[in-house]
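Read the structure below first, then the notes.
Chain identifiers are assigned alphabetically (A, B, ...) following the order of the sequence lines, protein sequences preceding nucleic acid strands; residue numbering begins at 1 within each chain.
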There are 2 protein chains.
Amino acid sequence: MTPPTDGAQANDLSLVDALAQLSFLVQGALAEATAGHDLSIIQTRLLGILRDREPTMNELGGYLGLDKSSITGLVDRAERRGLVRRTASARDRRAVQVSITDAGRHLGEQVALKFEQRMAAITSRLTNAERARLATLAIRLLDRA
Amino acid sequence: MTPPTDGAQANDLSLVDALAQLSFLVQGALAEATAGHDLSIIQTRLLGILRDREPTMNELGGYLGLDKSSITGLVDRAERRGLVRRTASARDRRAVQVSITDAGRHLGEQVALKFEQRMAAITSRLTNAERARLATLAIRLLDRA
DNA sequence: TATTGTTATACTCTATAACTATA
DNA sequence: TATAGTTATAGAGTATAACAATA
């Protein structure tokens with residue numbers, strides 16, 4: 001659960017421990033990729049969602065699993081940096097639609113590229129066959145989630 | 001990189017995307033396991049590290065990759081809840097040693113148990129052979145990290 | 001009345017800079 | 001001088017509760 005907490009056999013981790021440690025490794029790579037552009041992981045997720053959507057604040061809360069008041073602050077900070085914009089909804093005058101700006105899209109692409117590079121380094125010790133097997137297994141886990 | 005950002009083929013994710021999504025799934029399971037006990041992930045990691053160590057504040061910063069001032073706050077909050085304690089170091093009068101209390105150890109065990117249950121649910125659709133293969137591959141990734 | 005979004009408030013987490021005490 | 005730790009301060013991120021505008 002915590003990286004090097006194993007006093008027993010370091011090379012005989014359980015599946016649960018291995019997946020937990022792997023999640024920290026991947027999140028670390030993501031954090032490094034985003035930090036270089038002064039972005040947090042949650043801001044990067046926001047840009048990723050807006051890449052091909054123009055949701056309302058409310059829908060954004062659903063995607064990110066956050067309270068609407070948290071979304072207000074998140075979008076405030078992104079908008080202040082010129083990465084996203086708010087527009088009035090045409091059908092519901094209470095609602096606000098959020099869209100990505102060109103600057104936001106460009107920044108999101110840069111972060112994604114850097115993340116892919118970090119992940120390529122992490123997976124570089126696997127053979128192509130192993131990579132394919134890992135992808136298949138990971139996708140099987142995601143399917144039911 | 002972000003959960004359902006794929007407009008192309010949902011079942012043909014790249015390895016990088018699959019690992020990224022998997023990391024969010026696992027971190028989500030961890031967050032759920034900890035939230036039930038009013039603990040954050042970082043507080044849980046702290047308890048995990050202290051399970052079999054009695055580091056100084058400085059060493060703790062190394063384990064967690066945080067600035068010393070962040071460690072001060074982290075330990076402050078855990079100590080206020082009776083989960084850890086500070087003791088003076090015997091060899092260096094500038095240093096402070098941090099150890100876990102019985103309450104902290106107990107809470108850490110409860111969270112670990114709940115996390116394992118969540119992870120068991122997530123991996124329940126895999127066969128034993130698949131689980132073993134996934135563990136092997138994940139460990140190969142961790143080895144070089 | 002119910003829903004959408006914002007505001008006020010509070011807390012955790014994190015970092016930088018300045019400081020104290022010890023080495 | 002250098003190191004260990006704390007304090008002061010600032011900002012991101014999150015939630016709850018109260019509110020205004022609209023449905």
Treating B:Glu32 as the side-chain partner and B:Ala29 as the backbone partner, does any N or O pair qualify as donor plus acceptor under 3.5 Å? no
Do B:Glu59 side-chain atoms and B:Thr56 backbone N/O form a donor-acceptor pair below 3.5 Å? yes
Using atom [atom1] of [X] as one end and atom [atom2] of [N] as the other, report the distance to the nearest whole Å.
X: A:Leu46; N: D:dA12; atom1: CG; atom2: P; result: 14 Å
X: A:Asp38; N: D:dG13; atom1: CG; atom2: P; result: 11 Å
X: B:Asp76; N: D:dT7; atom1: CG; atom2: P; result: 7 Å
X: B:Leu60; N: C:dT14; atom1: CG; atom2: C1'; result: 15 Å
X: A:Lys68; N: D:dA18; atom1: NZ; atom2: P; result: 13 Å
X: A:Gln43; N: D:dG11; atom1: CD; atom2: P; result: 16 Å
X: B:Ile71; N: D:dT3; atom1: CD1; atom2: P; result: 18 Å
X: A:Leu74; N: C:dG5; atom1: CG; atom2: P; result: 14 Å

Check A:Arg85 with A:Glu79, please: is the shortest side-chain N to carboxylate O separation under 4.0 Å? no
Considering only NZ, NE, NH1 and NH2 on the basic side and carboxylate oxygens on the acidic side, decide whether B:Arg86 and B:Asp76 come within less than 4.0 Å.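 So B:Arg86 pairs with B:Asp76 through a salt bridge.
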Could you tell me whether [X] contacts a base, only the sugar-phosphate backbone, or nothing, with contacts defined as non-hydrogen atoms closer than 4.0 Å?
X: A:Thr56; answer: sugar-phosphate
X: A:Asn58; answer: sugar-phosphate
X: B:Leu66; answer: sugar-phosphate
X: A:Asp92; answer: sugar-phosphate

Walking DNA chain C from its 5' end, the first of B:Leu39 and B:Arg91 to be reached, judged by nearest nucleotide, is B:Leu39
With a cut-off of less than 4.0 Å, is there a side-chain N or O of B:Arg86 near OP1 or OP2 of D:dT6?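 Looking at the OP1 and OP2 atoms of D:dT6, one of them is under 4.0 Å from a side-chain N or O of B:Arg86.
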Validate the cation-pi geometry between A:Arg45 and B:Phe24: distance from NZ or CZ to the six-membered ring centre under 6.0 Å, angle to the ring axis within 45°.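 Pair A:Arg45/B:Phe24 counts as cation-pi.
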[options]: which one has an atom nearest the side-chain heavy atoms of [X]?
X: B:Arg94; options: D:dT16, C:dA21, C:dA15; result: C:dA21
X: B:Arg77; options: C:dC13, C:dT6, C:dT16; result: C:dC13
X: A:Met57; options: D:dG13, D:dG5, C:dG5; result: C:dG5
X: B:Ile42; options: C:dT12, D:dG5, C:dT14; result: C:dT14
X: B:Ala95; options: D:dG13, C:dG5, D:dG5; result: D:dG5
X: B:Ser40; options: C:dG5, C:dC13, C:dA15; result: C:dC13
X: B:Thr72; options: C:dT6, D:dA12, D:dG5; result: D:dG5
X: A:Ser69; options: D:dA17, D:dG13, D:dG5; result: D:dA17

